[in-house]
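It should be emphasised that the depicted structure is a prediction, and the values quoted were computed from it without experimental measurement. Chain naming here is simple, since letters A, B, ... match the order of the sequence lines and numbering starts at 1 in each. Just so you know, these numbers use all the heavy atoms, side chains as well, and skip hydrogens, waters and symmetry mates.
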Protein chains: 2
Amino acid sequence: MKIRTAADLGAFIRERRVKLGMDQSDLAEKAGTSRKWIVEVEQGKPRAEIGLVLRTLKTLGVSLDIAVERTQKASAVSEPGNVDINNVLNSLKKRP
Amino acid sequence: MKIRTAADLGAFIRERRVKLGMDQSDLAEKAGTSRKWIVEVEQGKPRAEIGLVLRTLKTLGVSLDIAVERTQKASAVSEPGNVDINNVLNSLKKRP
DNA sequence: TACAAGAGTAACCGAGCGGTGACATTATGT
DNA sequence: ACATAATGTCACCGCTCGGTTACTCTTGTA
């Protein structure tokens with residue numbers, strides 16, 4: 001599942017927690033945080049700290065994968081030795 | 001790439017930023033944050049807010065995917081109608 | 001050599017986080 | 001209906017975040 005917003009994250013965490021048969025207190029304790037924090041995050045709090053989020057996801061047996069989006073990958077990422085066209089254009093734009 | 005710690009995140013963000021030919025100021029501006037924040041995040045700050053992180057990743061054309069780890073998936077996730085054994089065990093543990 | 005760009009760091013400050021403990025509300029089960 | 005568990009919400013508070021500005025240091029280039 002793709003995570004685009006804090007709300008996405010919260011929904012996923014809640015779903016996963018319930019599937020594992022944990023209540024908010026259980027998860028809070030195992031993840032080393034407070035129940036209040038779990039409540040807020042499940043509600044989509046955008047200002048939660050990534051450190052706590054990562055610990056919580058680990059507790060839930062969940063992995064976070066990061067990847068370049070397919071549409072951009074083609075033009076932006078360069079093989080070693082190739083020219084990155086975006087890189088070139090960007091550098092040119094900076095010398096008016 | 002799997003993200004397990006804030007340091008992982010920071011390293012990825014930096015690598016991606018450089019590949020796109022942006023400096024820290026560019027990224028900060030486009031992501032709607034400050035250069036200071038970019039510096040800290042690239043250094044692996046664990047208390048950065050997920051909201052800003054998500055905006056930054058979007059700016060970098062990167063997607064975050066979340067998934068149940070393979071090893072746990074088999075036993076923990078239940079098809080609709082099946083019994084989730086973890087769920088059962090957990091409930092039993094709660095009534096001493 | 002001199003200059004500029006990029007990156008790291010520092011001090012300051014208001015705002016909001018996250019933890020605690022208590023209470024209210026809503027399931028869930030007997 | 002009742003008791004209990006689970007969730008949501010509140011007030012309080014110490015602490016740190018993130019933005020701003022300015023300074024340093026390194027690197028590369030004219």
Side-chain angles (χ1 to χ4, degrees), chain A residues 5-60 83-84 86-96, chain B residues 5-7 9-60 78 80-81 83-84 86-96:
Chain A
T5 68
D8 294 345
L9 216 221
F12 186 94
I13 287 180
R14 171 158 223 154
E15 189 187 337
R16 178 68 180 154
R17 171 178 64 78
V18 172
K19 261 187 188 157
L20 292 180
M22 306 168 73
D23 60 28
Q24 295 173 338
S25 296
D26 295 336
L27 179 53
E29 191 182 5
K30 291 184 182 176
T33 177
S34 67
R35 191 172 71 85
K36 179 198 177 194
W37 187 85
I38 300 288
V39 170
E40 290 171 336
V41 165
E42 289 189 351
Q43 289 173 346
K45 180 178 203 175
R47 304 199 51 175
E49 303 175 0
I50 31 166
L52 295 182
V53 170
L54 290 174
R55 265 158 53 192
T56 303
L57 292 180
K58 183 174 183 179
T59 300
L60 290 173
V83 175
D84 185 332
N86 276 345
N87 203 317
V88 175
L89 292 176
N90 241 299
S91 299
L92 290 177
K93 266 198 304 190
K94 283 177 197 167
R95 309 199 178 250
Chain B
T5 68
L9 216 220
F12 187 94
I13 288 180
R14 172 158 220 155
E15 187 185 335
R16 178 69 179 153
R17 170 178 65 79
V18 172
K19 259 186 189 156
L20 293 180
M22 306 167 75
D23 61 28
Q24 294 172 339
S25 295
D26 294 335
L27 179 53
E29 191 182 5
K30 291 183 183 175
T33 176
S34 68
R35 191 172 71 85
K36 179 198 177 194
W37 187 86
I38 300 288
V39 171
E40 291 172 336
V41 165
E42 289 189 352
Q43 288 174 345
K45 180 177 200 172
R47 304 198 49 174
E49 303 174 359
I50 33 166
L52 294 182
V53 170
L54 290 173
R55 264 158 53 192
T56 303
L57 292 180
K58 183 174 183 178
T59 301
L60 291 172
S78 55
V83 176
D84 185 332
N86 277 344
N87 204 318
V88 175
L89 292 177
N90 242 300
S91 299
L92 289 178
K93 267 199 304 190
K94 283 177 197 166
R95 307 198 181 249

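Atom CD of B:Gln24 is separated from atom C1' of C:dT9 by 12 Å (rounded to the nearest Å). Between A:Asp26 atom CG and D:dA6 atom P there is a gap of 7 Å when expressed in whole angstrom units. We find that CH2 of A:Trp37 is positioned 17 Å from P of D:dT9, with the value rounded to whole Å. The separation between A:Asp23 atom CG and D:dA5 atom C1' is 8 Å, rounded to whole Å. In this structure, CD1 of B:Ile13 is placed 14 Å from P of C:dA7, rounded to the nearest angstrom. The nearest whole Å value for the distance from the CD atom in A:Glu49 to the P atom in C:dC17 is 10 Å. With rounding to whole Å, A:Glu40 atom CD is found 10 Å from D:dT9 atom P. Rounded to a whole Å, the CE atom of B:Met22 is 12 Å from the P atom of C:dG6.
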task: Go through the steps for B:Val53 and B:Leu57 under the test side chain to side chain contact (heavy atoms under 4.5 Å, CB included), then give the verdict.
output: CA-CA 6 Å; B:Val53 170; B:Leu57 292 180; 4.1 Å; yes
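The side chain of B:Arg55 places no N or O atom within less than 4.0 Å of a non-bridging phosphate oxygen (OP1 or OP2) of D:dG18. Contact annotation: A:Thr33 reaches the phosphate of C:dG19 (side-chain N/O to OP1 or OP2, under 4.0 Å). A:Arg35 has no side-chain polar atom (N or O) that falls below the 4.0 Å cut-off from OP1 or OP2 of D:dA5. OP1 or OP2 of D:dT9 has at least one side-chain nitrogen or oxygen of A:Gln43 nearer than 4.0 Å.
A side-chain donor-acceptor contact under 3.5 Å links B:Arg55 to the backbone of B:Gly32.
Residue contacts shown for A:Ser25 are absent, as no nucleic acid heavy atom lies under 4.0 Å away.
Distance from the side chain of B:Lys45 is smallest for D:dG18 among the nucleotides C:dA7, C:dG18, D:dG18. Side-chain proximity of A:Ser34 to D:dG18, D:dA22, C:dT20: nearest is C:dT20.
The nearest pair of heavy atoms linking B:Ser25 to B:Arg35 is OG-CD, 3.3 Å.
Residues satisfying the side-chain contact (heavy atoms from CB on, under 4.5 Å) criterion with B:Glu40, sequence neighbours excluded, are B:Lys36, B:Lys45. Residues that satisfy the side-chain contact (heavy atoms from CB on, under 4.5 Å) test with B:Val41, not counting sequence neighbours, are B:Ile13, B:Trp37, B:Ala48.
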Can you tabulate the close N/O pairs, meaning under 3.5 Å, that link protein atoms to atoms of nucleotides 10-15 of chain D?
none

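Looking only at side-chain heavy atoms (C-beta outward), B:Met22 and B:Lys30 come within less than 4.5 Å of each other.
Between B:Arg17 and B:Glu42, at least one side-chain N (NZ, or NE/NH1/NH2) sits under 4.0 Å from a carboxylate O, which counts as a salt bridge.
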